[in-house]
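Atoms within each ligand, like the ligands themselves, are counted from 1 in listed order. This structure is a prediction, so every number in the text was calculated from the model and none was measured.
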Amino acid sequence: MSKKISHSKALVELLHGDQESGMSRRDAMKLMGLTGGAAMMMGAPVSAEAGPSSDKKVKVLVVGAGAGGIMALARLHSALPNAEFTIIAPNETHLYQPGQVFIAAGLYTHDDVVGHNKNFIPSDVNWIKDEVKTFDPDNNKVITRADKEVSYDYMVVATGIVYHYDWIKGLTEADIGTNGISSVYLNNLEEGTTKGAEVTWIWFDELKEAARGGKKPTAIYTQPNTPIKCGGAPQKILYLSADHLRKENLGANFIFATNGGKLFGLPTIDASLHEVQKRYDEITNKFKHNLVAMDVKNKVATFEERYEIKGEYDEDLKEYDMITKKRMVDIKYDFIHVVPPMGPPQAMVDSPLGWQKGTAKGWLEVDQKTLQHRRYPNVFGIGDVCGIPKGKTGGSARHHGPILTGNLVSQINGEPLKEVFDGYTVCPLKTQYGKIVMAEFNYEGLAPTMPFLDPATPRWFWWAFDLYMLKPMYWHLMLKGWF
Ligand SMILES: Cc1cc2nc3c(=O)[nH]c(=O)nc-3n(C[C@H](O)[C@H](O)[C@H](O)COP(=O)(O)OP(=O)(O)OC[C@H]3O[C@@H](n4cnc5c(N)ncnc54)[C@H](O)[C@@H]3O)c2cc1C
């Protein structure tokens with residue numbers, strides 16, 4: 001039942017992210033309206049309450065309790081009143097991972113991003129605090145690290161992504177925070193720690209100190225050749241740290257070294273980011289550069305660079321064939337922000353559930369529109385683990401939620417799957433302190449929630465929304481499956 005609270009008290013609770021406030025959905029929505037948040041619900045998909053339901057007695061297993069797993073559980077729990085639910089997830093703590101960038105920028109602390117899964121997992125759900133070691137979809141069961149067998153009728157896989165710092169020769173996780181190395185990503189979901197973000201804020205200041213007296217330290221920012229969660233984070237760190245120096249008229253030799261061939265996949269956002277770069281002291285973009293090794297002591301980063309040379313002249317096409325070549329390039333640095341290569345968890349890679357070949361090999365083989373497994377129809381996916389072309393963000397997981405719920409319920413009811421995921425992804429690109437380019441897109445291209453605002457323009461409005469509103473919306477609405 002809705003607990004009556006005064007707006008001022010509730011607003012304070014909301015903004016401070018008090019997850020135990022007992023705030024009702026109505027109060028939370030009302031406050032979003034009061035603060036302008038309701039207008040910004042960013043392409044909000046259908047609410048679970050309006051979706052289909054089933055009274056069948058089925059066993060539903062959710063694997064993983066991050067953003068996707070908790071959102072899926074909340075929605076399915078209300079859509080399937082007679083189902084028996086189990087969630088397998090080791091982590092009692094829950095990190096609001098987008099907030100790690102604000103920790104790195106000195107605006108949040110660790111306490112701002114950490115919550116507790118007990119506040120979101122309903123008491124009648126069987127929570128096994130362990131990890132899945134083996135997926136056995138042919139027998140509708142999984143085996144945990146403690147060798148417990150858990151069977152299911154329907155399963156939702158929400159195991160997220162893992163980091164592979166070890167794929168960069170010469171680098172270990174222990175090096176982050178030493179010798180001029182930082183990495184905003186480094187966290188431990190099981191322990192709820194955000195070391196990488198915390199050391200990146202110290203790194204911002206070290207870089208600033210090194211830039212005093214007209215010196216120009218070299219600072220490299222990398223982006224790897226694998227899919228990563230929040231594809232904008234490497235550039236967010238570049239622009240925020242450059243702005244941190246700019247505030248004191250300091251500069252550096254900034255190098256953005258990315259495996260990609262452009263700053264952003266969509267031309268208007270790409271052009272906007274090139275404009276943003278002009279604001280800062282020299283930024284050199286090194287495209288098609290993939291970090292493969294580091295000499296941590298001597299501060300040398302080795303990249304594999306792809307470049308093209310002219311091959312044979314093609315008389316039919318009246319042009320030269322272009323041949324891609326690779327070479328190793330060493331760059332000496334004073335500071336480096338490393339974004340690790342990322343991949344699906346090992347249990348997924350070892351299982352029959354992943355794509356068996358191609359660039360998505362090992363990622364969960366779900367249909368990119370229905371989120372249903374392509375070979376095991378009683379298995380669905382949500383969040384970063386999904387092997388689909390777009391969307392390794394919390395914003396995508398939020399949009400997956402109602403699609404997955406509607407389709408899983410239809411599957412249980414023996415009806416055709418009707419809900420379609422359009423590929424929605426959101427990337428709040430922090431271009432400076434106080435401004436964000438809110439890049440929202442889907443499989444078709446740009447998909448701004450507010451089409452009357454040019455999505456390529458950096459705006460304070462989006463900064464304020466991200467810094468002050470998204471976190472409470474995450475804890476109070478998204479994780480509860482209310483939005
Ligand atoms: C620095 C940073 C900045 C970001 N910025 C943004 C942003 O601005 N906007 C945005 O929308 N998103 C952002 N994201 C991305 C967002 O946090 C993720 O996309 C989102 O958390 C994905 O949810 P998920 O459930 O798929 O994975 P996660 O939330 O990572 O959760 C995965 C869960 O699965 C569990 N698990 C793993 N393996 C197993 C197993 N074998 N058995 C059982 N459990 C398992 C893990 O313990 C974890 O609890 C950012 C992320 C980072 C790190």
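Under the 3.5 Å distance criterion, the side-chain polar atoms of Asn179 are left unmatched by any main-chain donor or acceptor of Ile181. Panel note: side chain His116, backbone Lys118; no donor-acceptor pair is recorded below 3.5 Å.
At least one N or O atom of Gln97, backbone or side chain, sits closer than 3.5 Å to an N or O atom of ligand 1. Taking only nitrogen or oxygen atoms, main chain and side chain alike, Ala397 does not reach within less than 3.5 Å of ligand 1. Residue Asp384 has at least one N or O atom closer than 3.5 Å to an N or O atom of ligand 1. Of the polar atoms of Val63, none of the N or O atoms is found under 3.5 Å from an N or O of ligand 1, judged by distance alone. At under 3.5 Å, a nitrogen or oxygen of Ala67, whether backbone or side chain, sits near a nitrogen or oxygen of ligand 1. Of the N or O atoms in Ala89, none lie within a sub-3.5 Å distance of an N or O in ligand 1. Residue-to-ligand polar distances keep Lys430 apart from ligand 1: every N/O pair is separated by 3.5 Å or more.
When non-hydrogen atoms are compared, ligand 1 lies under 4.0 Å from neither the backbone nor the side chain of Arg145. Only side-chain heavy atoms of Leu189 come within less than 4.0 Å of ligand 1; its backbone N, CA, C and O stay farther off.
Side-chain contact check for His373 and Asp367: no donor-acceptor pair (N or O, by modelled atom type) lies under 3.5 Å. For the 3.5 Å distance criterion, the side chains of His94 and Tyr474 qualify, holding a donor opposite an acceptor. Between the side chains of Asn140 and Asp153, not a single donor N or O lies within less than 3.5 Å of an accepting N or O. Between Tyr163 and Ser183, the side chains place no donor N or O within less than 3.5 Å of an acceptor N or O (distance only, hydrogens not considered). Between the side chains of Gln346 and Asp350, at least one donor N or O sits under 3.5 Å from an acceptor N or O. One side chain, Asp454 or Thr457, offers a donor N or O that lies under 3.5 Å from an acceptor on the other.
Inter-residue side-chain proximity for Leu446 and Pro448 is flagged as met; some heavy-atom pair is nearer than 4.5 Å. Looking only at side-chain heavy atoms (C-beta outward), Ile388 and Lys369 stay at 4.5 Å or farther from each other. Side-chain contact check for Leu273 versus Gln235: some heavy-atom pair is nearer than 4.5 Å.
Using a cutoff of 4.0 Å between basic side-chain nitrogens and carboxylate oxygens, Asp147 and Lys133 are scored as salt-bridged. Ion pairing of Lys59 with Glu84 is absent here, as no side-chain N (NZ or NE/NH1/NH2) approaches a carboxylate O to less than 4.0 Å. Under 4.0 Å is where a charged nitrogen must lie from a carboxylate oxygen, and between Asp243 and Lys430 no such pair does.
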Full working for side chain to side chain donor-acceptor pair (under 3.5 Å) between Gln100 and Thr194: CA-CA 7 Å; Gln100 287 176 216; Thr194 53; over 6 Å; no
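Within the 4.0 Å heavy-atom cutoff, Lys392 counts among the residues contacting ligand 1. Residue contacts with ligand 1 include Pro428, since one or more of its heavy atoms lies under 4.0 Å from the ligand. Residue contacts with ligand 1 include Tyr163, since one of its heavy atoms falls under 4.0 Å from the ligand. Not a single heavy atom of Lys133 sits closer than 4.0 Å to an atom of ligand 1.
Given atom 49 (O) of ligand 1, the protein heavy atom at minimum distance is Asn91 OD1, 2.9 Å. Among all protein heavy atoms, the one lying closest to atom 31 (O) of ligand 1 is Gly66 CA, 3.2 Å. The nearest heavy-atom contact from the protein to atom 7 (C) of ligand 1 is Pro98 CB, 3.7 Å. At the shortest separation from atom 50 (C) of ligand 1 among protein heavy atoms lies Cys230 CB, 3.5 Å. Protein heavy atom nearest atom 36 (N) of ligand 1, with residue, atom name and distance: Thr159 O, 3.8 Å. In terms of protein heavy-atom proximity, atom 12 (N) of ligand 1 is closest to Gly394 N, 3.0 Å.
Within the listing of ligand 1, atoms 43 (C), 44 (N) sit less than 4.0 angstrom from a heavy atom of Ile88. Atom numbering of ligand 1 starts at 1 in the shown order; those under 4.0 Å from a heavy atom of Ala158 are 32 (C), 33 (C), 34 (O). When each atom of ligand 1 is checked for a heavy atom of Ala65 under 4.0 Å away, the hits are 33 (C), 49 (O). Residue-ligand proximity, Gly64 to ligand 1, at heavy-atom distances under 4.0 Å covers atoms 34 (O), 35 (C), 44 (N). Residue-ligand proximity, Gly68 to ligand 1, at heavy-atom distances under 4.0 Å covers atoms 23 (O), 24 (P), 25 (O). Near Lys236, meaning under 4.0 Å from any of its heavy atoms, are these atoms of ligand 1: 5 (N), 7 (C), 8 (O). Near Tyr185, meaning under 4.0 Å from one of its heavy atoms, ligand 1 places the atoms 53 (C).
Checking Ile283, Leu429, Val437 one by one against Tyr239, the side-chain contact (heavy atoms from CB on, under 4.5 Å) holds for a single residue, Ile283.
In this structure, of Gly160, Ala197, Gly192, Gly383, the residue bringing a heavy atom nearest to atom 27 (O) of ligand 1 is Gly160. When Ile237, Thr144, Val132 are ranked by how near their heavy atoms come to atom 42 (N) of ligand 1, first place goes to Val132.
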